[in-house]
Amino acid sequence: MKRTLNIETVKKIGEEVLLKGWVGSIRSHGKLIFIDLRDFSGITQVVFTPKMDEKMYSLVSEIKPEYIIEILGEVSERPESMRNAEIPTGLIEIKAKEVKIISKAKTMPFPIDNDGYEINEKNRLEYRYLDLRRDRLKRNLKKRFETISLMRDIVKEKGFVEIETPILSKSTVEGAREFIVPSRNFKGKFYGLAQSPQQYKQLLISAGYEKYFQIARCLRDEDPRGDRQAEFTQLDIEMAFPDSEEDVMSLMEEIYIKVVKEIFPEKHITQIPFPKMTFKEAMEKYNTDKPDMRKNKEDKDELAFYWITDFPMFEWKEEYKRWGACHHPFTLPQETDIDKIKKNPKDILAHQYDLVLNGFEIAGGSLRTHDIETLTACFEVMGHEDEDLKKQFKHYYNAFEFGIPPHGGIASGIDRFFAVALNEESIREVIAFPKTGDNKDLMMASPSNVSKKQLKELGIEISEDEE
Ligand code: ASP
């Protein structure tokens with residue numbers, strides 16, 4: 001007999017069905033036993049009546065929460081007083097005829113039938129596969145999937161093509177610090193894990209892929225800062241020949257308006273079109289470049305999207321005692337005079353735009369420089385030597401010499417968007433297998449040591465005090 005999903009039982013009143021799933025709560029009133037059977041589609045109440053024979057009774061008595069079982073039974077309407085309007089299967093129950101235990105389960109280390117916020121997060125992350133059994137996380141991951149599918153549909157409809165780009169890439173001075181991966185075949189040499197598809201997507205533009213997008217994984221080896229993840233997901237977009245910043249911004253705006261309307265209809269957007277504010281104005285008025293512009297901060301269903309524009313091109317990096325790019329070095333300065341760029345880096349504005357939601361930056365992008373002189377000047381301001389750069393970005397400089405159209409793009413960190421839209425305080429609640437704030441994977445116990453043999457193959461020696 002073919003399996004029926006819990007959610008389908010309501011259409012099968014009077015029929016015999018085979019259900020499979022996880023045992024939720026068990027309630028016994030003597031020989032009258034109720035089991036809530038859970039599968040990915042929902043929950044069904046199964047009833048074992050006192051009429052069952054001894055063999056079945058002893059099997060049912062063995063069942064504990066979280067066992068995986070199989071039930072053959074008849075779908076029947078519940079007596080009026082037993083109906084539960086809160087769940088889609090609340091009108092029916094399954095009168096069990098046969099039961100089979102498929103897999104037993106130890107006692108859970110923590111409850112999984114509630115929201116789980118009160119449980120120590122380290123415990124939850126160590127046993128993430130158990131934590132993920134809870135309804136809240138299932139809902140979050142389902143919404144995440146629905147949103148990403150919708151985002152794909154929206155941009156596909158507009159002629160964008162999703163193209164995967166490498167994760168195993170090259171270490172460059174793009175901006176953030178990369179994770180590096182030692183090469184076994186080329187000892188002493190390293191790959192860099194892509195901190196974003198930035199360079200690849202610009203090269204795709206030069207190759208004539210005029211409308212690129214990707215649901216991209218980005219990896220950054222940055223110092224742990226609160227609620228960040230070393231590995232995160234972006235909706236990454238790039239287009240050739242934008243008329244202005246507006247072309248990129250309005251696309252991202254349209255995506256988020258549709259996503260809210262279709263996937264989070266209970267939310268309301270404070271203002272459409274999304275208002276804009278310059279970086280200068282934001283700093284002067286709110287002393288931050290990501291002001292929380294909600295009208296009512298108590299309202300959990302308000303989404304205040306806001307564009308911040310006209311960022312400075314460069315910012316002083318005290319740590320390195322030099323200028324760095326506010327966004328990244330490929331951003332187009334608003335100044336066309338190269339001498340001015342070199343002489344007055346602090347006054348140069350950039351064609352950069354960030355999208356802020358309820359006080360969080362959820363997207364950032366820019367128009368890009370497409371002429372070599374300006375790009376080189378920007379790198380020079382940041383203290384990079386011409387020769388060194390040409391070596392590091394050989395692919396880039398070469399591509400520019402073969403022709404590249406004006407282009408621009410944006411990337412939206414969708415983990416943060418989900419956290420806000422799902423009223424979660426931490427992005428860890430919207431990622432299936434997140435790392436801790438200090439980048440540990442408690443479930444896999446990573447990072448971990450590797451064998452001496454592996455190190456030797458890579459030509460790496462660990463100094464004593466670091467072992
Ligand atoms: N690559 C940039 C980032 O990850 C986004 C962009 O400029 O498109 O922030």
Side-chain angles (χ1 to χ4, degrees), residues 165 169-178 192 194-212 236-249 278-280 309-317 320-354 364-411:
T165 53
S169 181
K170 179 189 165 85
S171 178
T172 64
V173 292
E174 179 179 320
R177 182 190 289 130
E178 295 104 348
Q195 56 175 282
S196 86
Q198 185 63 38
Q199 297 180 51
Y200 293 106
K201 65 176 177 175
Q202 291 190 248
L203 295 177
L204 283 168
I205 293 287
S206 84
Y209 298 82
E210 292 189 31
K211 291 177 168 188
Y212 147 97
D236 193 39
I237 291 176
E238 196 73 16
M239 60 176 78
F241 306 112
D243 286 333
S244 68
E245 300 177 12
E246 199 59 42
D247 283 1
V248 183
M249 291 158 77
T278 62
F279 172 84
K280 188 164 174 277
T309 61
D310 301 276
F311 281 78
M313 178 68 204
F314 305 101
E315 60 189 1
W316 182 252
K317 305 260 181 199
Y320 307 108
K321 301 266 181 281
R322 63 162 178 82
W323 292 101
C326 211
H327 187 47
H328 52 57
F330 318 115
T331 298
L332 179 67
Q334 292 187 13
E335 178 59 66
T336 46
D337 185 324
I338 286 177
D339 279 343
K340 284 196 184 144
I341 295 177
K342 289 197 200 169
K343 277 196 198 119
N344 282 321
K346 98 172 179 348
D347 296 332
I348 308 298
L349 295 181
H351 286 285
Q352 183 198 335
Y353 31 83
D354 276 7
S366 59
L367 300 185
R368 327 296 187 188
T369 298
H370 65 281
D371 92 281
I372 296 180
E373 283 72 34
T374 312
L375 183 64
T376 307
C378 290
F379 273 125
E380 278 175 26
V381 169
M382 293 179 244
H384 301 298
E385 300 294 326
D386 197 31
E387 275 319 297
D388 181 38
L389 275 175
K390 292 206 169 123
K391 218 164 108 199
Q392 219 187 104
F393 289 102
K394 192 164 140 246
H395 53 291
Y396 215 75
Y397 276 86
N398 277 350
F400 274 50
E401 280 169 2
F402 286 111
I404 184 158
H407 58 294
I410 191 164

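These numbers come from the heavy atoms of this one structure, side chains and all, not from hydrogens, waters or symmetry mates.
At distances below 3.5 Å, not a single donor-acceptor pair connects side-chain atoms of Tyr353 with backbone N or O atoms of Gly364. In terms of modelled atom types and a separation under 3.5 Å, the side chain of Lys342 and the main chain of Ala377 share no donor-acceptor contact. Of the possible polar contacts, none joining the Asn344 side chain to the Lys340 backbone as a donor-acceptor pair under 3.5 Å is found. Of the possible donor and acceptor atoms, none in the side chain of Glu210 sits under 3.5 Å from a partner among the backbone N and O of Met239. Within the 3.5 Å criterion, the main-chain N or O of Ala176 finds a donor-acceptor partner in the side chain of Gln195.
The CD atom of Glu245 lies 8.5 Å from the CG atom of Leu332; values are rounded to the nearest 0.5 Å. Separation of atoms OG1 (Thr165) and CG (Leu204) is listed at 7.5 Å; rounding is to 0.5 Å. Taken from CZ in Phe400 to OG1 in Thr376, the straight-line distance is 9.5 Å, to the nearest 0.5 Å. Here the NE2-CD1 distance, from His370 to Ile205, works out to 12.5 Å after rounding to the nearest 0.5 Å.
Side-chain contact annotation: Tyr209 with Glu238, donor-acceptor N/O pair under 3.5 Å absent.
The nearest pair of heavy atoms linking Ala411 to Asp236 is CB-OD1, 3.4 Å.
Taking the side chain as every heavy atom from C-beta outward, Gln334 and Asp310 approach each other to under 4.5 Å. Residues Phe402 and Ser206 have side chains not in contact (no heavy-atom distance under 4.5 Å, counting atoms from C-beta outward). Residues Val381 and Ile348 have side chains not in contact (no heavy-atom distance under 4.5 Å, counting atoms from C-beta outward). Put simply, the side chain of Ser366 reaches to within 4.5 Å of the side chain of His328, judged on heavy atoms. Looking at Phe241 and Pro406, their side chains come closer than 4.5 Å, going by heavy atoms from C-beta outward.
Tested against Phe330 for a side-chain contact (heavy atoms from CB on, under 4.5 Å), the candidates Leu375, Leu367, Thr369 yield a single pass: Leu375. Among Gln202, Glu401, Gln199, the one residue that satisfies the side-chain hydrogen bond (donor to acceptor under 3.5 Å, both in side chains) test with Tyr396 is Gln202.
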